[in-house]
Amino acid sequence: MPTRMLPPLAVAKSVPRNADVLVVGMSEAGVRDVPDAIARAFTKRFGVSVEEMAVSLGAKADADSKRTLPAAGGGPRIVVVGLGSERPNEDLRRAAGAGVRQAASLAQNAGISVAVSLGTASSEQLTAVAEGALLGSYDYEPISAEPARGGAVEAITVVQQSDGRGADITAAAKIVAQAVVTVRDWVNAPANLLYPESFAEQVRNLVLGSNITIDVLDETALSEGGFCGLMAVGSGSARPPRLVRLSYSPRGATFHLALVGKGITFDSGGLN
């Protein structure tokens, strides 16, 4: 499977002119962070404010709430998402993801550009919104004889009024999101395409050119090493098992951290 490409992510002080959809948030205090020019155009066109129309359509501050409003003139369509209140940064991440997913559902047969204006005021909040927006753009396309689905999110802009480490934060958010969507693709892939050997090869390609070293143990090495559990489960499939070991040793490291994962690439309740 080829590496999925994430849409470009930028941070700007205003909504780009070419934005097709604007995602804004709704808290207990009402709809927030609608740019003045868009708010005025909306009220002039429909005779009510963005908040008034959103409320009339059932928009709430709850974390799972989302409503789509029409565009005013040549402006963007507006998606109002609930911001929740329990975990501020996590709620922002979830709201950004929900908003971008809702925006993607409006794409039809053309790609769209999405602006996300959720009132981020700190680096932590900007990180949460950037990660959430990128993850919200994910859409798994299964291998099929049917034509591919229509448009997708082609660009994301996070609106942030204050100057900050926008470039650094977006770069880090892309790394995190790329890792997550890669795992999502692996989870969604059918077992005839992703099996122990092909999975190991994909991991090898993923870390190629990085400072991460990889060691893949095949069925011979596993048998010689006494990995009886892996060999026993693997015997239930025509595809032999693999163990993939990754190591990263940054300069100046002062402790060891080990993460262990189990990947079942076929439906197995055991050999008997």
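Position 1 is the first residue of the sequence, and the numbers go up from there.
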Check for a donor-acceptor pair, side chain of [X] on one end and backbone N or O of [Y] on the other, with a separation under 3.5 Å.
X: Thr43; Y: Arg40; value: no
X: Ser137; Y: Leu134; value: yes
X: Ser237; Y: Gly234; value: no
X: Ser198; Y: Tyr195; value: yes
X: Glu51; Y: Val31; value: yes
X: Thr157; Y: Ala10; value: no
X: Asp20; Y: Ser113; value: yes

Tell me whether the count of non-hydrogen atoms from other residues, nucleotides or ligands lying under 6.0 Å of [atom1] in [X] goes above 12.
X: Asn211; atom1: CG; answer: no
X: Arg94; atom1: CZ; answer: no
X: Lys60; atom1: NZ; answer: no

ILVMFWY network linking [X] to [Y], side-chain heavy atoms under 4.5 angstrom:
X: Val55; Y: Met53; result: yes
X: Phe227; Y: Val216; result: no
X: Leu57; Y: Val34; result: yes
X: Val11; Y: Leu92; result: yes
X: Val129; Y: Ile78; result: no

Please report the shortest heavy-atom distance between [X] and [Y], naming the atom on each side.
X: Val158; Y: Ala130; answer: CG2-CA, 4.3 Å
X: Pro241; Y: Met231; answer: CG-SD, 4.1 Å
X: Gly84; Y: Asp91; answer: C-OD2, 3.6 Å
X: Arg239; Y: Asn192; answer: NH2-O, 4.3 Å
X: Ala155; Y: Pro7; answer: N-CB, 4.1 Å
X: Pro76; Y: Ala19; answer: CB-O, 3.4 Å

Taking the side chain as every heavy atom from C-beta outward, state whether [X] and [Y] have any atom pair closer than 4.5 Å.
X: Gln178; Y: Leu6; result: yes
X: Asp168; Y: Ser123; result: no
X: Leu69; Y: Val50; result: yes
X: Arg245; Y: Leu243; result: yes
X: Leu118; Y: Val81; result: yes
X: Val24; Y: Arg32; result: no
X: Asp185; Y: Tyr138; result: yes
X: Val100; Y: Val116; result: yes

Would you compute the distance between atom [atom1] of [X] and atom [atom2] of [Y] and round it to the nearest 0.5 angstrom?
X: Arg242; Y: Asp218; atom1: CZ; atom2: CG; answer: 5.0 Å
X: Lys174; Y: Ile156; atom1: NZ; atom2: CD1; answer: 10.0 Å
X: Arg204; Y: Phe199; atom1: CZ; atom2: CZ; answer: 12.0 Å
X: Ile112; Y: Asn18; atom1: CD1; atom2: CG; answer: 11.5 Å
X: Ser247; Y: Ile212; atom1: OG; atom2: CD1; answer: 9.5 Å
X: Arg67; Y: Gln102; atom1: CZ; atom2: CD; answer: 9.0 Å

Check against side-chain contact (heavy atoms from CB on, under 4.5 Å), Val79 and Leu22: CA-CA 6 Å; Val79 171; Leu22 169 65; over 6 Å; no
Phe42/Phe46 aromatic ring centres below 6.0 Å: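 Here the rings of Phe46 and Phe42 have centres that are less than 6.0 Å from each other.
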Check: Ser85/Glu28 side-chain N/O donor and acceptor closer than 3.5 Å: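 Looking only at side-chain atoms, Glu28 and Ser85 do not form any donor-acceptor pair under 3.5 Å.
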Worked check of side-chain contact (heavy atoms from CB on, under 4.5 Å) between Arg101 and Val153: CA-CA 9 Å; Arg101 279 192 298 274; Val153 177; over 6 Å; no
Worked verdict on Arg77 versus Leu106 for side-chain contact (heavy atoms from CB on, under 4.5 Å): CA-CA 9 Å; Arg77 298 189 71 174; Leu106 307 173; 3.8 Å; yes
Verdict with supporting geometry, Ile214 and Val203, side-chain contact (heavy atoms from CB on, under 4.5 Å): CA-CA 8 Å; Ile214 180 171; Val203 177; 3.9 Å; yes
